[in-house]
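Values reported hereafter were calculated over all heavy atoms of this structure, with side chains retained and with hydrogens, waters and symmetry mates removed. Please read these numbers as outputs of a predicted model, since none were measured by experiment.
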Amino acid sequence: MEATGESVKSLLSEDCYADFLKEDFDVKTYTAQAIHHAVIAEQLAKLAEGISQLDKELHSQVVARHEDLLAQATGIESLEGVLQMMQTRIAALQSAVDRIRTKIVDPYNKIVARTAQLARLQVACDLLRRIIRILYLSKRLQGQLQGGSREITKAAQSLNELGE
């Protein structure tokens, strides 16, 4: 196995494969150069040999790490099962939160609306009490004004009360 790994490293260090390892490798440029130099058959043979060695190395790596790869695959399957279970639980929690929200939000909104309504009713009742008091005082003042000069002090008191 180690010998195969070394042979792949030595293969990749050859000049004809160095181009493939470059960051800026361009297939069209490489092909154009191979055609221009008329070494297509030689390049294809080297590439086929390199591919063959890479396949052998890949096979030996898979065989050597077979147990680890199976354990990782099994681990991934169990993680997927845990993830699915967590997603189910999250959906159930979201559903419970939505139910609780409707049980809390709807009554809260009703309380807010009724509180505002009660505040408006209190203001209206206060205004009605003032209006009734003004009507009562104005009737009393009319009676006092019809009573003449002897009722003048009472009329003044009634006027003072109306002013307040």
Side-chain angles (χ1 to χ4, degrees), residues 1-136 161-164:
M1 179 175 84
E2 192 61 38
T4 308
E6 290 298 322
S7 66
V8 169
K9 288 180 184 175
S10 68
L11 177 71
L12 290 177
S13 66
E14 289 183 25
D15 286 338
C16 65
Y17 299 117
D19 291 337
F20 295 107
L21 300 175
K22 292 180 181 176
E23 290 286 329
D24 60 345
F25 175 74
D26 183 28
V27 174
K28 291 179 182 178
T29 305
Y30 181 81
T31 307
Q33 286 176 353
I35 291 172
H36 178 69
H37 295 301
V39 289
I40 297 171
E42 181 183 321
Q43 291 286 358
L44 287 176
K46 283 186 178 183
L47 288 175
E49 179 186 344
I51 290 171
S52 174
Q53 283 186 321
L54 286 174
D55 283 342
K56 288 176 188 175
E57 178 64 19
L58 181 61
H59 179 71
S60 69
Q61 291 291 330
V62 168
V63 168
R65 291 176 176 78
H66 183 275
E67 293 298 322
D68 291 339
L69 292 171
L70 283 177
Q72 287 181 3
T74 304
I76 289 172
E77 286 177 7
S78 64
L79 284 176
E80 286 176 344
V82 169
L83 179 62
Q84 181 65 34
M85 181 183 64
M86 293 302 289
Q87 287 174 338
T88 303
R89 287 186 179 173
I90 288 170
L93 284 173
Q94 186 64 41
S95 175
V97 166
D98 290 342
R99 283 193 313 272
I100 290 171
R101 182 177 293 137
T102 57
K103 288 181 179 180
I104 292 173
V105 170
D106 290 344
Y108 172 78
N109 288 338
K110 286 179 183 177
I111 289 171
V112 167
R114 295 285 159 69
T115 304
Q117 187 179 19
L118 179 61
R120 289 190 300 267
L121 281 172
Q122 288 173 338
V123 169
C125 287
D126 187 47
L127 286 173
L128 284 173
R129 275 193 294 276
R130 289 180 185 187
I131 290 170
I132 290 170
R133 178 76 176 149
I134 290 171
L135 287 174
Y136 170 74
E161 286 181 46
L162 275 172
E164 293 175 7

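Atom CD of Glu80 is separated from atom CD of Gln87 by 10.5 Å, given to the nearest 0.5 angstrom. For the atom pair Thr115 OG1 and Arg120 CZ, the distance stands at 10.5 Å (nearest 0.5 Å). If you take CD1 on Ile131 and CZ on Arg129, they are separated by 11.5 Å, rounding to the nearest 0.5 Å. Atom CE of Met85 is separated from atom CD1 of Ile90 by 10.5 Å, given to the nearest 0.5 angstrom. We find the CZ-CD distance between Arg99 and Gln94 to be 11.0 Å, quoted to the nearest 0.5 Å. Leu93 contributes atom CG, which lies 9.5 Å from atom CD1 of Ile100 (distance to the nearest 0.5 angstrom).
When all heavy atoms of Gly75 and Ser78 are compared, the pair lying nearest together is O-OG, 2.8 Å.
Looking at Ser52, its side chain never comes within 3.5 Å of a backbone N or O of Ala48 through a donor-acceptor pair. Between the side chain of Thr74 and the backbone N or O of Leu70 there is at least one donor-acceptor pair closer than 3.5 Å.
A salt bridge links Arg130 with Asp126: the closest approach of a Lys/Arg side-chain nitrogen to an acidic carboxylate oxygen falls below 4.0 angstrom.
Under 3.5 Å, the side chains of Glu57 and Gln61 contain a donor-acceptor pair of N or O atoms.
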(request) Assess whether side chain to side chain contact (heavy atoms under 4.5 Å, CB included) is satisfied between Asp55 and Ile51, documenting all intermediate values. (result) CA-CA 6 Å; Asp55 283 342; Ile51 290 171; 3.9 Å; yes

